[in-house]
Amino acid sequence: MLDPKFVRANPEEVARLLKKKGYVFPVAEFAALEEKRRSVQVQAESLQNERNTRSKSIGQAKASGQDIQPLMDEVKSLGDQLDQAKQELQEVQQALDDLLMGVPNLPDESVPEGKDEDDNVEVRRWGTPVEFDFEPQDHVSLGERVGLDFETAAKLTGSRFAVLKGDLARLHRALIQFMLNTHTADHGYTEVNVPYMVNADSLRGTGQLPKFEEDLFKIPFGERDYYLIPTAEVPVTNFVRDQIVEADQMPMQFVAHTPCFRSEAGASGKDTRGMIRQHQFEKVELVHIVEPEKSFAALEQLTANAERILQLLNLPYRVITLCGGDMGFGAAKTYDIEVWLPGQSKYREISSCSNMTDFQARRMLARWRNPESGKPELVHTLNGSGLAIGRTLVAVLENYQTADGRINVPEVLQPYMGGVTQL
RNA sequence: GGAGGGAUGGCUGAGUGGUUGAAAGCACCGGUCUUGAAAACCGACGAGUCGCGAGGCUCCCAGGGUUCGAAUCCCUGUCCCUCCGCCA
């Protein structure tokens with residue numbers, strides 16, 4: 001959520017910045033609601049004040065043994081007026097909240113203008129795509145022989161699921177272990193294991209609700225609903241919801257491995273072949289909770305931590321800055337890391353690293369005690385994939401393939417493969 | 001699933017329906033003392049919101065209710081703890 005104070009004071013500026021994201025901020029509607037809120041609030045509060053004052057004097061009169069009946073008669077009629085004013089205030093407030101909860105985060109000034117992915121800006125490249133002296137296969141045909149099975153998954157569940165068998169399943173697991181070990185041992189992250197279902201409050205905190213419910217899998221449970229997590233960002237970032245973190249606990253860096261569940265509503269026809277886009281996939285996620293002035297530096301670090309995985313796996317990639325129009329709802333700035341896929345002759349997204357600034361923190365009421373002011377202030381939150389496991393597996397299959405359709409095991413994964421060096 | 005007990009400021013923890021936004025302790029902050037620090041002592045010390053300001057309003061798990069007035073009484077829900085049952 002944006003800072004209501006800031007929006008109130010700079011509605012035109014907000015509209016201008018949001019335009020970069022392709023979002024039209026309803027300046028007039030907001031202004032009208034604000035004005036109404038202000039007048040209703042003043043009225044409600046003055047009635048409240050009057051009732052409080054009179055009730056207090058009844059208490060004093062009673063204590064000194066006076067007759068309180070006349071005083072009570074006087075105050076009685078106040079109640080109805082007060083109830084009405086309160087209700088009106090609640091309605092306006094609700095409308096204002098609903099509006100604000102649906103407004104995306106402001107893009108940072110450094111974010112390039114642009115409408116969609118074609119306007120993203122490449123920042124750097126690492127590695128050189130391998131020149132094969134044969135026609136490289138894509139992961140689907142490569143995977144067939146080594147245990148990548150979509151048919152069985154379709155029988156068990158439906159489309160957009162996969163079954164992995166044998167050494168391929170083990171390679172998948174090796175990637176997870178390798179990434180977790182690297183981030184904890186080399187990059188100083190704290191490993192966490194979290195629930196794969198969350199409540200609506202958590203999803204509101206990170207911004208998936210109320211706007212993007214159709215992207216989620218919902219589980220009815222008793223009187224309410226739980227949701228399968230679309231990313232570990234949700235449970236992990238919500239660690240600090242409704243918390244005031246002491247300064248010596250900052251910054252926080254968490255790494256979590258979880259499955260992720262996405263309905264992929266609106267993606268029908270996109271990436272239907274293979275395991276690029278599934279309803280269920282696994283991911284190692286990085287989350288930072290930091291002091292506000294350090295968040296953009298933290299974004300660089302987090303991105304570098306994710307990149308390091310690809311470097312150690314010797315997979316060529318590039319880093320791009322998302323343009324305003326391609327950015328997510330809560331992000332102020334996003335780097336995507338795209339890995340080279342020989343099967344597609346393309347760079348494809350394998351990680352997305354974002355600085356959410358105080359957008360999620362305000363929704364979550366996640367604060368830290370700033371020693372300079374002694375006051376609780378909103379933290380900044382960041383997250384990024386470090387990396388998406390399924391897509392990394394795809395990248396390994398395609399980049400490490402041999403002329404006879406076998407897969408070499410990357411050196412850094414071999415310790416996890418029990419002596420297997422080729423699939 | 002059954003039976004009890006809880007939820008109060010950053011933390012621990014008092015609180016009779018009426019000047020209680022809330023005792024006390026700890027932590028944090030400022031000061032005295034000290035070469036410096038510790039200890040001791042003194043002082044300040046919850047959050048949000050509206051207002052230029054004085055000041056107002058809200059918040060004692062959440063949501064309803066009773067009342068002129070609720071942290072305090074009633075109802076519903078959530079979470080935590082203890083015991084029993086069941087269970088990976």
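Order of the sequence lines fixes the chain letters, A, B, ..., with proteins taken first and strands second; residue numbering starts at 1 for each chain.
- Counting non-hydrogen atoms under 4.0 angstrom, Pro376(A) reaches the backbone sugars and phosphates but no base.
- The aromatic ring centroids of Phe254(A) and Tyr189(A) lie 6.0 Å or more from each other.
- Using a 4.0 Å heavy-atom distance criterion, Lys5(A) is classed as a sugar-phosphate-only contact.
- Only the C1' atoms considered, G21(B) is 13 Å distant from G48(B), to the nearest whole Å.
- Here the C1' atom of nucleotide G9(B) and the CG atom of Asp242(A) are 15 Å apart, to the nearest Å.
- Remark: C1' of A47(B) and CZ of Arg362(A) are 16 Å apart, rounded to the nearest angstrom.
- Rounded to a whole angstrom, the distance from the C1' atom of C11(B) to that of C28(B) is 11 Å.
- Comparing the C1' positions of U20(B) and G9(B) gives an interatomic distance of 13 Å, to the nearest angstrom.
- Taking atom P on both A47(B) and G85(B), the two are 48 Å apart, rounded to the nearest angstrom.
- Residue Glu246(A) contributes atom CD, which lies 13 Å from atom P of A27(B) at whole-angstrom precision.
- Look at A37(B): it lacks any Watson-Crick or wobble partner with both distances under 3.5 angstrom.
- Residues Phe359(A) and Phe329(A) place their aromatic rings such that the two centres sit under 6.0 Å apart.
- Under the 4.0 Å criterion applied to side-chain N and carboxylate O atoms, Arg16(A) and Glu109(A) are assigned as salt-bridge partners.
- To the nearest angstrom, P of G9(B) lies 13 Å from CD of Gln243(A).
- One atom, CG of Asp248(A), and another, C1' of G10(B), lie 11 Å apart when rounded to the nearest Å.
- Between the P atom of G48(B) and the CG atom of Asp97(A) lies a distance of 17 Å, rounded to the nearest Å.
- For the OP1/OP2 pair of G77(B) and a distance below 4.0 Å, the side-chain nitrogens and oxygens of Arg224(A) include no atom meeting the criterion.
- In this structure, the side chain of Ser354(A) does not engage the main chain of Met356(A) through any donor-acceptor pair within 3.5 Å.
- Nearest-nucleotide mapping onto RNA chain B: of Arg367(A) and Val42(A), the residue sitting toward the 5' end is Arg367(A).
- When each of Arg277(A), Lys270(A), Arg160(A) is tested with Glu264(A) by the rule salt bridge (charged side-chain N to carboxylate O under 4.0 Å, His left out), just one qualifies, namely Arg277(A).
- Of the N and O atoms on the side chains of Thr206(A) and Glu233(A), not one donor lies less than 3.5 Å from an acceptor on the other residue.
- Glu338(A) and Arg348(A) are not joined by a salt bridge, as no carboxylate oxygen comes within less than 4.0 angstrom of a charged side-chain nitrogen.
- G15(B) and A7(B): their P atoms are spaced 10 Å apart (whole Å).
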What is the per-nucleotide protein-contact pattern of nucleotides 53-72 of chain B, from the 5' end, where B denotes a base atom under 4.0 Å from a protein heavy atom, S denotes such proximity for sugar-phosphate atoms only, and - denotes neither? ---BSS---------BS---
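- Using modelled atom types and a 3.5 Å distance limit, the side chains of Gln48(A) and Arg51(A) yield a donor-acceptor pair.
- Base pairing annotation: G4(B) forms a Watson-Crick or G-U wobble pair with C81(B), both donor-acceptor distances under 3.5 Å.
- For the P atoms, the distance from G25(B) to G43(B) is 12 Å, rounded to whole Å.
- Remark: the separation of the P atoms in A70(B) and C59(B) is 9 Å, to the nearest Å.
- One interatomic measurement links the two molecules: CD1 of Ile244(A) to P of G46(B), which rounds to 12 Å at whole-angstrom precision.
- Distance noted for atom C1' between G17(B) and A22(B): 15 Å (whole Å).
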